[in-house]
Amino acid sequence: MSQPSLQRRLGLVQATALNMIDMVGIGPFVTLPLVMGFMGPNFLLAWLVGAGLALIDGLIWSELGAAYPEAGGSYRFLKLAYGEQKWGRLMSFLYVWQTLVQAPLVLASGAIGFAQYFGYLVPLTEWWQPKMVSGAVVLLLIVLLYRRIEDIGKLGVMLWVGVLGLMGWLIFGGLTHPNHEVAWLPSGGVSALPGVLLSAAMGQAAIKTIYSYLGYYNVCHLGGEIQNPQRVIPRSIFLSILGIMALYLLLNWSVGTVIPWQEASKSEFIVSSFVEKIYGAGAAQAATALVLLVAFASLFAVLLGYSRIPYAAAADGEFLPLFGRLHPTKNFPHVSLLILGGVGFVFSLLFRLGEVITAILAMRILVQFVGQAVGLVLLRRRLGTDRLPFKMPLYPLPVILAIAVWLLVFYSTGAKFMLSGLTVIVLGAGVFLLWSRRLKRWPFEKK
């Protein structure tokens, strides 16, 4: 009897849909007032900075994803780049180790944001009520994802339509009911731009906008289930980034033309308040329900993609074998799904939204984003570029820019979160050494 295996059933439409619903989620709706609070009238610049980093980093993901379209994304990229027998084992192990923490954090952030907006429809006055809502969201996600990948692809497209419908409605409302002007450049013009971009406020605001763009690489985690991945993966990444960039900029501009930034920055339900001001309370309740649908759709894509990472490592013999199990009839990594979902459920009951957002970025920057960018350079030097299905333009400039900006963002998270990210790395390295010693592999292999 043949062993179950992943099936390549997702095309460009499904891949782009899963990327975009991963990116949107609750992020722009809960971070929009935070960004306005940091940036004041220059809030649109922070969203442009986030988009710029996503586009630059997207070149790295596109080149690696097209060349190595396998389940696990960064796990596979890091292992190949740093050497499959030595340092690549450590780097890929650290990435999977971090995934066991930061993937549930991502899941928890969306679930907590969901509960926050749910409070507009049903007041959650007791301390335990928001936690009950966020926990229930995670459990429902696990139930919906416990099925075949082709069914998930169809469901993802349906959720994507809901995302586009909500964003289109909100943008149309702003375009047809403007009350205030919104500036694209600082009041001092182009000459004031460098100072604004390098300010501490921009660093804090960029953390929030970058969080809202994360997910453009979700298709790489599903590399083993993508049809014609050499073409589909790069296209889906850039279609996702450009599409979401346009939606975010138009959404922020629309909100800013209806509600002044001074007022919007203090709103807990900014989208609901925005729609209520234009169309009334009934429409605001409908918009809030759609925001909840979008948030749920994003978490659907998040848990789907991340559940493939520990599976890929375990199937490769580099992580606990338990995570390498596929469902015997539905052919998906059900153990990995259940464990990540379970930890996400616990996190959704424990943490606050602002802390979770910053912790997510601080934890993943050094190993995943910076480590992966350096790894691409190592792969190019070792293997050349003749067989690359996708080659980034202007190499190595995008890699240098990506590393520099990611390190700046890491610094902007602050000492507390920088230390927590480094602590997770150190603990992971310790677990790796114990694991390698047990298996008698590098650096403990017999000479």
Side-chain angles (χ1 to χ4, degrees), residues 10 12 14-23 50-82 88 91-92 95-96 98-99 102-103 106 210-226 228-245 301-302 304-306 308-309 312 360-361 364-380 383 385 388-407 409:
L10 300 177
L12 179 61
Q14 293 94 337
T16 304
L18 290 170
N19 264 9
M20 291 183 73
I21 63 176
D22 186 344
M23 294 170 72
L53 178 57
L55 286 168
I56 293 170
D57 196 54
L59 291 170
I60 297 172
W61 283 92
S62 295
E63 185 166 310
L64 291 170
Y68 310 102
E70 303 173 34
S74 292
Y75 160 75
R76 191 61 182 157
F77 304 155
L78 291 168
K79 189 173 184 182
L80 290 171
Y82 291 90
M91 291 295 290
S92 59
Y95 171 65
V96 180
Q98 289 182 336
T99 297
Q102 60 98 3
V106 174
I210 291 167
Y211 163 79
S212 298
Y213 280 105
L214 293 180
Y216 50 86
Y217 43 76
N218 189 48
V219 64
C220 293
H221 298 153
L222 302 169
E225 296 159 277
I226 303 296
N228 192 13
Q230 289 77 15
R231 295 168 61 88
V232 168
I233 288 178
R235 290 182 180 185
S236 65
I237 287 174
F238 287 106
L239 285 173
S240 303
I241 295 173
L242 293 173
I244 294 301
M245 176 182 70
V302 164
L304 170 67
Y306 277 121
R308 270 56 179 175
I309 296 170
I360 288 167
L361 273 178
R364 64 170 54 173
I365 285 175
L366 293 182
V367 172
Q368 184 177 22
F369 294 117
V370 174
Q372 192 165 276
V374 173
L376 183 142
V377 175
L378 297 176
L379 278 171
R380 274 181 167 243
L383 303 178
T385 61
L388 288 178
F390 174 88
K391 300 183 184 71
M392 72 172 65
L394 302 178
Y395 176 86
L397 182 59
V399 177
I400 296 172
L401 285 174
I403 292 173
V405 176
W406 279 125
L407 290 176
V409 171

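The structure displayed is predicted, hence computed values, not measured ones.
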Find out whether Gln230 and Asn228 are in side-chain contact, i.e. whether some heavy atom of one side chain is under 4.5 Å from a heavy atom of the other.
yes
So Asp57 and Trp406, do their side chains get closer than 4.5 Å, heavy atoms only?
yes
Test side-chain contact (heavy atoms from CB on, under 4.5 Å) on Leu78 and Val367 and set out the steps.
CA-CA 9 Å; Leu78 291 168; Val367 172; 4.1 Å; yes
For His221 and Tyr95, take the angle between the two ring planes, folded into 0 to 90°, and tell me which bin it lands in: parallel under 30, tilted 30 to 60, perpendicular over 60.
tilted
Quick one: are Phe238 and Leu55 in side-chain contact, heavy atoms under 4.5 Å?
yes
Note: Ser62 and Ile237 closest approach over all heavy atoms is OG-CD1, 3.6 Å
Check whether any side-chain heavy atom of Val219 lies under 4.5 Å from a side-chain heavy atom of Leu18, and answer yes or no.
no
Quick one: CD1 on Ile309 to SG on Cys220, what's the gap to the nearest 0.5 Å?
10.5 Å
Drop me the distance from Leu383's CG to Arg380's CZ, to the nearest 0.5 angstrom.
11.5 Å
Separation between CE (Met392) and CZ (Phe390), nearest 0.5 Å, reads 7.5 Å
Tell me the closest heavy-atom pair linking Val232 and Ala15, and the distance in Å.
CG1-CB, 4.0 Å
Has Tyr82 got a side-chain atom pairing as donor or acceptor with Gly371's backbone, closer than 3.5 angstrom?
yes
d(Leu80 CG, Leu64 CG) to nearest 0.5 Å is 9.0 Å
In sequence, state the C-alpha distance, the side-chain angles, and the governing distance for Val106 and Leu214, and then conclude on side-chain contact (heavy atoms from CB on, under 4.5 Å).
CA-CA 10 Å; Val106 174; Leu214 293 180; over 6 Å; no
Let me confirm one number: the CD1-CG distance from Ile241 to Leu53, rounded to the nearest 0.5 Å.
9.5 Å
Where do Val399 and Ala373 come nearest, in terms of heavy atoms and distance?
CG1-O, 3.6 Å
Is there a side-chain contact between Tyr395 and Leu376 in this structure, where contact means two heavy atoms from C-beta onward sitting under 4.5 Å apart?
yes
Should Pro396 and Val377 count as side-chain neighbours, where that means a heavy-atom distance under 4.5 Å?
no
Parallel, tilted or perpendicular: which one describes the rings of Tyr216 and Trp61, with boundaries at 30° and 60°?
perpendicular
List the residues meeting ring-ring contact (aromatic ring centres under 6.0 Å, His included) with Tyr213, not counting sequence neighbours, and say none if there are none.
Tyr248
Smallest separation among heavy atoms of Gly215 and Met23, with atom names:
C-CG, 3.6 Å
Rounded to the nearest 0.5 Å, what separation is found between the CD1 atom of Ile365 and the CD1 atom of Ile210?
7.0 Å
Restricting to side-chain hydrogen bond (donor to acceptor under 3.5 Å, both in side chains), what partner residues turn up for Ser74, sequence neighbours left out?
Gln368, Gln372
For Arg364, what residues pass the salt bridge (Lys or Arg N to Asp or Glu O under 4.0 Å) criterion, not counting sequence neighbours?
none
Just so I know, are the side chains of Ile226 and Pro69 near enough to count as touching, which here means a heavy-atom distance under 4.5 Å?
no
On a heavy-atom basis, the closest approach of Ser240 and Asn19 is OG-CB, 3.0 Å
For Pro389 and Ala67, which heavy atoms make the closest approach, and how far apart are they?
CD-CA, 3.9 Å
Using side-chain heavy atoms (C-beta onward) and a distance below 4.5 Å, is Val405 in contact with Ile56?
no
